[in-house]
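Right, one structure below, let's go through it.
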Amino acid sequence: MRPFSYLRAQDAPSAVATATGRPETMYLAGGTNLVDLMRLGVAVPDVLVDVSGIASGTVEETGDGTLLVGAGVRNSDLAADPLVRRRQPLLSQAVLAGASGQIRNMATVGGNLMQRTRCPYFQDVTKPCNKRLPGTGCPARTGENRNLAILGHSDSCVATHPSDMAVALAALGAIVHVEGADGPRTVPMPGLHRLPGEEPERDTVLGQGELITAVEVPPLAFAARSRYRKVRDRASFAFAVVSVAAALDVADGIVRDCRIAFGGVAHTPWRAETAEAVLRGATATEAEFARAAEAELAAARPLPGNAFKIPLVRNVLVRTLTDLAEAS
Ligand SMILES: Cc1cc2nc3c(=O)[nH]c(=O)nc-3n(C[C@H](O)[C@H](O)[C@H](O)COP(=O)(O)OP(=O)(O)OC[C@H]3O[C@@H](n4cnc5c(N)ncnc54)[C@H](O)[C@@H]3O)c2cc1C
Ligand code: SF4
């Protein structure tokens, strides 16, 4: 591992002041992704600014039922929070579907949102990769791409975003609070992460040095009836092959409202707005759920190794919505 300096941040503004304008400076939270990437030689920071001591570690309820989740909240604590479990069970389930108990005890909300792709070429410094070294090419397009994107990819990059939590937050329309050199700002989910386009090295819309300070989860009454379902190669310690986060509001057999997001299919958590629009006002039947899934997936462009993801995510969505409708 390349030698680096370590600084413990005193507060958010001083952390931002230290990192801004210095691309070789990186924030360190739980370290469960960043330290692995440093060991692999994928991340080579000169300076690590440890933000684990300054990021809020609390989940607070504001007056209107919004939950304000500090960027430093550990994944285990978020999943176990009684308000989250009662009001947004899909969020708790998504976090518990990720990593392992030990990793969730270390990993933070901010770090989880900012974790890097698990594309095997990105993690192997002996291989070209446009995300790691812009302009070197994308061997995944014709190589090992079983786990990579079917939606929104570009000639430059076909990677998927790995966070389960982010998929649930995209479905819930969460708002990310950010501190930067020009002060605080907010970024609505799923807009934090970006499609690769011609700049796959940029995973998110955050500028260099911007720090996530909190995530706001707005109230959504029908999110109490919600689910996160993840398909993976092993029962634990495995990233999503595909996943679905869904919340459903059904009255008299008609879908009044719904929220749907997919994981494991794109460079971002994929909010399924086309499927949502098809379902609003439709009967809550398997046939309508399948029609909505197909409308969303009409835009899919599978790679040679991952066409199976199209029927897989469709079937997972139909099963998940059927379960939610039956519980109504
Ligand atoms: C074996 C293994 C299996 C895993 N399986 C899953 C899984 O199935 N699903 C899943 O979702 N995740 C999984 N993970 C990933 C894990 O959830 C992430 O490593 C973790 O959430 C990252 O959080 P952290 O606090 O440790 O971040 P760090 O590793 O400290 O940081 C990650 C990135 O975020 C940046 N960062 C950290 N905090 C901030 C902030 N406040 N503002 C801006 N940038 C910040 C860092 O600079 C770094 O680039 C797995 C990890 C491992 C090792
Ligand atoms: S898919 Fe993206 S991360 Fe993977 S090799 Fe291609 S450019 Fe790199």
Side-chain angles (χ1 to χ4, degrees), residues 9 12 15-16 19 25-38 42-43 45 48-52 54-56 70-75 78 94-100 102-124 127-145 147-149 153-168 176-180 192 196 200-201 203-204 206 208-215 230 232 234 236-241 243 263-264 267 269 303:
V16 170
T25 299
M26 294 186 75
Y27 296 128
L28 174 74
T32 60
N33 183 222
L34 179 54
V35 174
D36 281 356
L37 292 177
M38 290 169 67
V42 174
L48 283 186
V49 179
D50 186 342
V51 294
S52 60
I54 58 158
S56 160
V73 171
R74 303 287 169 176
N75 287 191
L78 180 64
V95 175
L96 289 176
S100 65
Q102 291 91 337
I103 291 169
R104 292 194 296 271
N105 286 343
M106 287 296 293
T108 63
V109 165
N112 187 296
L113 289 175
M114 296 298 287
Q115 63 175 295
R116 310 294 315 269
T117 184
R118 286 342 233 212
C119 173
Y121 302 98
F122 175 75
Q123 297 191 322
D124 181 349
K127 301 286 192 312
C129 167
N130 283 331
K131 185 179 279 298
R132 183 168 29 77
L133 276 177
T136 55
C138 175
R141 285 199 71 80
T142 51
E144 178 49 58
N145 52 40
N147 286 334
L148 302 185
H153 52 80
S154 70
D155 287 346
S156 299
C157 180
V158 293
T160 46
H161 177 71
S163 164
D164 291 295
M165 176 193 299
V167 181
V176 180
H177 290 230
V178 176
E179 179 86 22
L192 175 69
E201 67 277 17
D203 294 347
T204 72
L206 296 194
Q208 192 272 324
E210 282 195 303
L211 178 73
I212 296 175
T213 54
V215 176
K230 173 175 175 178
R232 47 189 156 175
R234 287 190 304 261
S236 98
F237 233 53
F239 290 86
V241 176
S243 68
H267 199 257
L303 304 166

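Every number for a ligand or one of its atoms is a count from 1 in the order of the listing. Note: hydrogens, waters and symmetry copies are ignored here, and every other heavy atom, side chains too, is used.
For a threshold of 3.5 Å applied to N or O pairs, the pair formed by Thr108 and ligand 1 contains at least one separation below that value. For ligand 1, the polar-atom distance check against Ala71 finds no nitrogen or oxygen pair separated by under 3.5 Å. By the 3.5 Å distance cut-off applied to N or O atoms, Gly110 is not counted among the residues near ligand 1. Looking at ligand 1, you won't find any N or O of Met106 less than 3.5 Å from one of its N or O atoms. Not one N or O of Gly98 is nearer than 3.5 Å to an N or O of ligand 1, by distance alone. Ligand 1 has an N or O atom lying under 3.5 Å from an N or O atom of Asn112, backbone or side chain. Looking at Ala107 next to ligand 1, no N or O pair under 3.5 Å apart turns up. Inclusion of Met26 in the set of residues having an N or O under 3.5 Å from an N or O of ligand 1 is not warranted.
Contacts between Ile103 and ligand 1, counted as non-hydrogen atom pairs separated by less than 4.0 Å, involve the side chain only. Contacts of Met38 with ligand 1, taken as heavy-atom pairs under 4.0 Å, are absent altogether. Counting heavy atoms under 4.0 Å from ligand 1, residue Arg118 touches it through the side chain alone. No part of Ser100 comes within 4.0 Å of ligand 1, judged by heavy-atom distances. Looking at Val35 against ligand 1, nothing comes within 4.0 Å, counting heavy atoms. Using a 4.0 Å cut-off between heavy atoms, Asn75 contacts ligand 1 through its side chain alone, with no backbone atom that close.
Every atom of ligand 2 with a heavy atom of Ser156 under 4.0 Å away is listed here by number and element: 7 (S). Every atom of ligand 2 with a heavy atom of Cys129 under 4.0 Å away is listed here by number and element: 3 (S), 5 (S), 7 (S), 8 (Fe). Each of the following atoms of ligand 1 lies closer than 4.0 Å to a heavy atom of Gly30: 24 (P), 25 (O), 26 (O), 30 (O). For ligand 2, the atoms sitting less than 4.0 Å from at least one non-hydrogen atom of Ala159 are 1 (S), 2 (Fe), 3 (S), numbered in the order shown with element in parentheses. Counting the atoms of ligand 2 from 1 in the order shown, those under 4.0 Å from a heavy atom of Tyr121 are 5 (S). Remark: ligand 2 atoms within the under-4.0 Å shell around heavy atoms of Phe122 are 3 (S). The atoms of ligand 2 that sit less than 4.0 Å from any heavy atom of Cys157 are 1 (S), 2 (Fe), 7 (S). Applying the 4.0 Å criterion to heavy atoms of Phe237 picks out, from ligand 1, the atoms 1 (C). When each atom of ligand 1 is checked for a heavy atom of Pro162 under 4.0 Å away, the hits are 9 (N), 10 (C), 11 (O). Interface of Asn33 with ligand 1, defined as ligand atoms under 4.0 Å from a residue heavy atom, comprises 19 (O), 29 (O).
Nearest protein neighbour of atom 4 (Fe) of ligand 2, counting heavy atoms only, is Cys119 SG, 2.3 Å. Of all protein heavy atoms, the one closest to atom 1 (S) of ligand 2 is Val158 N, 3.2 Å. Of the protein's non-hydrogen atoms, Cys138 SG, 2.4 Å is the one closest to atom 6 (Fe) of ligand 2.
Looking at heavy atoms from C-beta onward, Gln115 lies in side-chain contact with Asn112 at the 4.5 angstrom threshold. Within the 4.5 Å cutoff, no side-chain heavy atoms of Tyr27 are placed close to those of Ile212.
Residue contacts with ligand 1: Arg232 is excluded, as none of its non-hydrogen atoms falls under 4.0 Å. Ligand 1 is never approached by Arg74 to a heavy-atom distance shorter than 4.0 Å. The closest approach between Ser163 and ligand 1 falls below 4.0 Å for a heavy atom of the residue.
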Output, in order, the C-alpha distance, side-chain angles, deciding distance and verdict of side-chain contact (heavy atoms from CB on, under 4.5 Å) for Val95 and Asp164. CA-CA 6 Å; Val95 175; Asp164 291 295; over 6 Å; no

